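Because the structure is predicted, anything quoted here is derived from the model rather than measured. Sequence lines set the chain letters: A, B, ... in the order given, protein chains first and strands last, and positions in each chain run from 1.
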2 protein chains.
Amino acid sequence: MGIVDRKQRQKEEVRSSILDTAWDLVVTEGWQSFSIRKIADAIEYSVPVIYSHFENKDAILLEFNRKGFQLLAEALAAAKAGKPHPADEIRAMGRAYWNFAFANKEYYQLMFGLGIPTCETVSKIPAMKDLNEVISSSIIAMVPEGKPLPFDPFLKYQSFWSMLHGLVSINMSSLGRSTNDHPGHEGLPLQVLEDVLCSFIRGIQSAGQPTEH
Amino acid sequence: MGIVDRKQRQKEEVRSSILDTAWDLVVTEGWQSFSIRKIADAIEYSVPVIYSHFENKDAILLEFNRKGFQLLAEALAAAKAGKPHPADEIRAMGRAYWNFAFANKEYYQLMFGLGIPTCETVSKIPAMKDLNEVISSSIIAMVPEGKPLPFDPFLKYQSFWSMLHGLVSINMSSLGRSTNDHPGHEGLPLQVLEDVLCSFIRGIQSAGQPTEH
DNA sequence: TACTTTCCCTAACGGCGTTAGCAAAGTTAC
DNA sequence: GTAACTTTGCTAACGCCGTTAGGGAAAGTA
């Protein structure tokens, strides 16, 4: 009865060849080349075959989205491992986030740039929970054990993410590339990253303390 | 010789009716309804007429982009007017940025979400220089007159923008709408905004002072 | 009135996502 | 082995899209 197994395997093979080929297309020719017809052409099947594996184009994108968030969560988890202090963990995660974004532009553009994710989309990406977990735990670890949290960790989590995402997207979209108009600012984006991380950590450390306005 | 004047005027009228109608379409039906054909339909002209006013679809988008950045720059300039202290100016601009984004979602999505702006695009939007100017001047004003700047103002300008943009885009894309999973966090985005602004201002104030790691 | 210019339309091209319908191949039952 | 059925993957179409060629009517000019 290995026949149905083989069929299963073959079907699976086609499915992954769709995903692989599609990703190849995106990486080598950009998102504008991501079309069902081009994928079909590349895998040497006709168009409807793709629809027997994926409900529609968005379903393929969702798959990449999942993978992207999973990779990001893993990268952050790996980055914070073995750091001596929660503040170092946060710094490491910030840098890892940045590196992930620029090492995987296509993923990042999909995850945050293209199809503005809807509520339903979010619920379909379990790795986003991991992301929250990995980041929030370091933030919570910033306050000495036993003491009550002087801030809302979810708030800080969002701040952290917002800052990083803003930084990345400004720099990725060449809005930050006005560097041309400002000679001598070549390594600037990385300085901004450190600056922003520093501000963030300071903000956590001084939370709950009296503000001098 | 008023004939050529009238023609000029009529042509101008068609041009703005294209822009008005297109914007109407976008606001009432979303970006997916922004198509040359739908615009032509709505203004009751045939498609090629549009091409006699705009080189292509992107040219129309560019027009909206220009307008968007102009509006944003104006909003920020208005917000900072009459504030007693540069720090208040910065806070006011941060809130104005937020308000602009959510009061003009379609503009904001165009400016930062859709057609990831290229270098050429940026150079075609003069208002981006104003934006830089409006923000940077307040940042520079943070340090007492006469003293040397303990930071790169362009760096801080980018940090400011990045933080705000990240905040806005996370919240606009309903990635931040995980609030559903976290009851009791209803007004949270605005708290994050204040938190982030506070961090930023602190970061400027303490620049140049010794860091305690 | 005859000529020229301007305006604007129809119709097409090639691309896209998606789907209906059919033919060939493989599988199963007798 | 053959007949019936299921699976598989194709062609061809539909209705969108941006963009452009070419022609015909209207307006302006002499």
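- Nearest to the side-chain atoms of A:Ser35 among the listed nucleotides C:dC8, D:dG18, C:dG17 stands C:dG17.
- Between the side chains of B:Asn132 and B:Ser136, at least one donor-acceptor pair of N or O atoms lies under 3.5 Å.
- Whole-Å rounding puts the B:Ile50 CD1 to C:dC7 C1' distance at 15 Å.
- As a whole-Å value, the separation of B:Lys38 NZ from D:dC16 P is 9 Å.
- For B:Lys57, the listed nucleotide lying nearest its side chain is D:dG18; candidates were D:dT20, D:dG18, C:dC16.
- Nucleic acid contact class of B:Lys11 (heavy atoms, under 4.0 Å, all strands): none.
- Counting to the nearest Å, the P atom of C:dC7 and the CD1 atom of B:Ile43 are 15 Å from each other.
- No side-chain donor from either of A:Tyr45 and A:His53 sits under 3.5 Å from a side-chain acceptor of the other.
- Rounded to whole Å, the distance from CG on A:Leu61 to P on C:dG17 is 10 Å.
- Of the two residues near DNA chain C, A:Glu55 and A:Ser33, the one whose nearest nucleotide lies more 5' is A:Ser33.
- Of the candidates C:dT18, D:dT11, D:dA21, C:dT18 carries the atom nearest the A:Arg37 side chain, counting heavy atoms from C-beta on.
- Residue A:Asp41 contributes atom CG, which lies 14 Å from atom C1' of C:dC16 at whole-angstrom precision.
- Comparing atom distances between the B:Asn56 side chain and each of D:dT19, C:dC16, C:dT18 picks out D:dT19 as nearest.
- Of the candidate nucleotides D:dG18, C:dC9, C:dT19, C:dT19 has the atom nearest to the side chain of A:Pro48.
- Between the OH atom of A:Tyr45 and the P atom of D:dG9 there is a distance of 5 Å, given to the nearest Å.
- Counting only heavy atoms from C-beta on, A:Val49 has its side chain closest to D:dC10 among D:dC10, C:dC16, D:dT19.
- For the pair A:Tyr51 OH and D:dC10 C1', the interatomic distance rounds to 16 Å; values are reported in whole Å.
- Side chain to side chain, B:Lys83 and B:Ser138 fail the donor-acceptor criterion of an N or O pair below 3.5 Å.
- Closest to the side chain of A:Val47, out of D:dC10, D:dT19, C:dT18, is C:dT18.
- Atom CZ in B:Arg15 sits roughly 18 Å away from atom C1' in C:dC7 (whole-Å rounding).
- Side-chain atoms of A:Glu55 do not come within 3.5 Å of backbone N or O of A:Ser52 as any donor-acceptor pair.
- The two atoms that bring B:Tyr107 and B:Gly68 nearest to each other are CD2-CA, 3.6 Å, heavy atoms only.
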